[in-house]
Amino acid sequence: MIDRRDYPLIAVLAAGVLGMLVLSLAWGDSPVSLPAALRDLMAGRHSVGAIIVGQLRLPRAILGVSIGAALGLCGAVMQGYLRNPLADPGLLGVSGGAALGAVLVFYTGLAGLSAVLLPAGGLAGALLAVLLLLGLVGQGGTLVLLLAGAALSSFAAALTAMAMNLMPSPYAAYEVMRWVMGSLTDRTMTDVGISLPGTVAGCLLMLTTALALDALALGDEVAESMGFRLRGLWGVQTRVVVGAAVAVGSCVAVSGAIGFVGLVVPHLLRPLTGHQPSRLLLPSALGGALLLLVADAAVRLLSGATEIQIGVLTALIGAPVFFHRVIAMRRGQS
Amino acid sequence: MTGLAARGVTLSLGGRRVLHEASVGVAPGEIVGVIGPNGAGKSTLLRALAGIQRPDAGVVMLDGRELAGMAPGDRARRLSFLPQEEMPPPPMRVEDLVAFGRLPHRAARDEARDRAAVARALGETGLLDLRGRPGSQLSGGERARLRLARALAVEAPYLLADEPVAALDPAHALAVMASFGRLAEGGRGVAVVLHDLTLAGRFCHRLVLMRDGRVAAHGRPAEILTDAAMRAVYGVTVRRVGDAVVPWSLTDGRSEEKQVIS
Amino acid sequence: MRGWRRCGTVLLAVVLAGGARAEPRHRIVSLNLCTDQLLLQLVPARDIAGLSPLARDCAYSVMCLQARSVPAIRPSAEAVVAARPDLVVGGRYASVTALLAARQAGMPVELFDPVERLADVPDQIAAVANAAGVPERGRALVDAFRARLAAYPVSAGGNGAPSAMIYAANGFVTRAGSLADDMLVRAGFRNAANGLDGRHALGVSLESLLARPPDLLVVARSDVGISLAQAVLDHPALRDAFPAAHRLSLPDRLWLCGLPQTLDTLDKLIAARKALETSR
């Protein structure tokens, strides 16, 4: 799955992620000495620096990496599986469905009963959205896919807004944006614990489809003739759907729906990985992590009195890429 | 009990019976041509032989084992399938696309063998010069050869090809059939769906004539390509040109005979 | 500016009260949480024709249980006029249409500003009592409040005082010019929120809070439903940075209005300061 030709790209992306990770631990609202804070953290001292780095910046950075990686990978896998470069969990309503599921669990207080319920709600919402999407699209082409995705994501956003307006908390109605656009602010290590297992499991499941995605580039029948089972319990479809739902559901449950990461990152990296679906996966995960860390740094830099949602920034980067693809498609058709 | 054989295969698609108790065999070293009018069930028969479509009744046997009971990976190494339609190729390099044909052998991790197989497939299909080009930039005929190269790179004992020459000019069509001939000489079994009866008569060792989901006739080309059979199955009258064994002939540069089916 | 407005309100209330008949009203409608709670303490329940629905909500009202024995009224023009009140009291900034409609229907309408200092609480009690035609009952509450307030030692509040910050959902803090700020000062604290720069005009991020922690963190929560905004108040970083003596949790209902009960809240703040001083 990892091609020798991609080693330099992977090394550069990994170095970028590592650098941004250190930066996001070292830099924030208030000046904190990172080495001193880490020393206190290791020694278990509750110094201000240790609390700021260990309990505010660290969970945020970990979630930036894990969620960015999951979204980037999910975009690459969905694009490979659907053979459509416009597939993206955010654009197709999968994240929106997950946000709806998470919102229903969080604001009703169910999340307080068990830590598993919040990601489970996200997973259920994401799974429902993917299944609806596949059912709606069937053998339809790009246009049908995008129409179904647009309908699904706005429907999920509307339901989310309605659900939050009906919730007892007076603040809930103001938090719609956090779920629809996404945010990493004020997350805790508990959130990391909630989201990480599902994210990792979903990503590993999606990675098992790497070679099948290569074969699928030539068509369903060729893939099947080359020994890849497409349907069934351990079929490629099941692994893609369940993997994406588990990963996106676990991410969105703590961060809200951050869009466009899965669209932008594979789009930028595809020419660098020879347009081969399997070679795109790992770089997309790293690229997604890098993009989200950069976007989060920008959020912290730009946010003044009120917070800018991280999804706003990824959309600002992502929408032009989307436009570019649409124009390219139109040229291809005419 | 070597060979690939369908025995009494019956198959329905969407409530319509597409194959009716079809029995067909391919032995190592022979090219079997599947001919018949559109909608006769040729492609479905090939898919059933490839194990992609499971028969409702009847069995497909591969070298003495039931195909349906085989692990997909095992099957994929023994049977290479070239479907009639494929996705337009992605903008990957031709060489990398052909290398996808080695996916069934991924567990062996024998890179030298994979590279050699890809090079052979590129050579057989005349794509060596185009190996670095993006697949999306190929012409229709080049794409057809690319798809064939991918199927050849599997280097499976049996090759099932559904209309591999439909998009090719005569020269390339001849070249493809000639490479099937070399496969057969090397001991491989080839089943190929053809609409070009001249090529079928000239290169296939045996022909299977399909009509309405049934095997209407099978045997040596001279036995199948008779005026009566053509009239009965295709509903056309044919005019013979040239010799009697291969009634319709295609020029390959040496002869001036013309293909006439009217 | 604020001072002028306050004087104006009190004057207005006094003028209106003076002009009004001194006999008690029997169909009073209140459309404001603070006047709701004052009325419940000033007039018998049977004289109240309707209170705002918030009054029954224990998250916002310290008189929620008593409020449930009187009718709640939707703060809409139609509902208010249909209740045929002989007095409508409300705040200046909410339910504007309903109050306007009541006035146009010829009903007496009295408006009250939010109280911004402890010292203004007696004036408001008196003004509401006068409007309701129960000045004696008002005077009794006012005298009790004044007596209790006078008993507190006047604190210096200066730079030597411990600092405190009221931290609410979304990182909102309370600054000078509010009842809560006045209470902090009366309890002997310095309001740390007043020293913050303009970047934190609305909310203070957890990180900024932790980087310059006040001696006492007063966590103000609404206790209604679940929200991300409230979840911030339970962030483990806050628990670690502000151990028991440095943290006081006070629900919203204890601050929202200037009431006789406001002094109970002041007691809690003073107790927290004493605990803080002994823990040093």
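Values in this document were obtained by computation on a predicted structure and should not be read as measured data.
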Original post:
So, the side chain of Asp214(A) versus the backbone of Ser278(A): is there a donor-acceptor pair under 3.5 Å, distance only?
Top reply: yes

**OP:** Measure Arg77(B) against the heavy atoms of chain A and call it side chain, backbone, both or neither at under 4.5 Å.
**Re:** neither

**OP:** Tell me, for Arg83(A) versus chain B, whether the close heavy atoms (under 4.5 Å) come from the side chain, the backbone, both or neither.
**Re:** side chain

Subject >> Proximity breakdown for Arg147(B) and chain A, heavy-atom pairs closer than 4.5 Å >> reply: neither

**OP:** Side chain from CB out, backbone as N, CA, C, O: work out which of these in Ile52(B) comes under 4.5 Å of a heavy atom of chain A, or both, or neither.
**Re:** both

Original post:
Counting only N and O atoms by type, is there a donor-acceptor contact under 3.5 Å from the side chain of Asp63(B) to the main-chain atoms of Thr2(B)?
Top reply: no

Subject >> Option that, when pairs with chain A are counted at under 4.5 Å, heavy atom only, ranks first among Arg106(B), Met70(B), Arg93(B) >> reply: Arg106(B)

Original post:
Would you find a donor on one side and an acceptor on the other, under 3.5 Å apart, between the side chain of Arg331(A) and the backbone of Ala328(A)?
Top reply: no

Original post:
When only pairs under 4.5 Å are counted, which of Pro83(B), Gly51(B), Ser80(B) shares the most heavy-atom pairs with chain A?
Top reply: Pro83(B)

**OP:** For Arg206(B) and Gly25(B), indicate whether the former's side chain and the latter's backbone hold a donor-acceptor pair under 3.5 Å.
**Re:** yes

Original post:
side-chain contact (heavy atoms from CB on, under 4.5 Å) between Leu148(B) and Phe180(B): does it pass, once the steps are laid out?
Top reply: CA-CA 11 Å; Leu148(B) 176 65; Phe180(B) 287 170; 3.8 Å; yes

**OP:** With a 4.5 angstrom heavy-atom cut-off, could you sort out which part of Pro90(B) is near chain A: side chain, backbone, both or neither?
**Re:** side chain

**OP:** Could you have a look at Pro104(B), Pro134(B), Pro91(B) and say which one has the most heavy-atom pairs with chain A under 4.5 angstrom?
**Re:** Pro91(B)

Subject >> Main-chain N/O of Leu280(A) paired to Arg270(A) side chain as donor or acceptor, under 3.5 Å >> reply: no

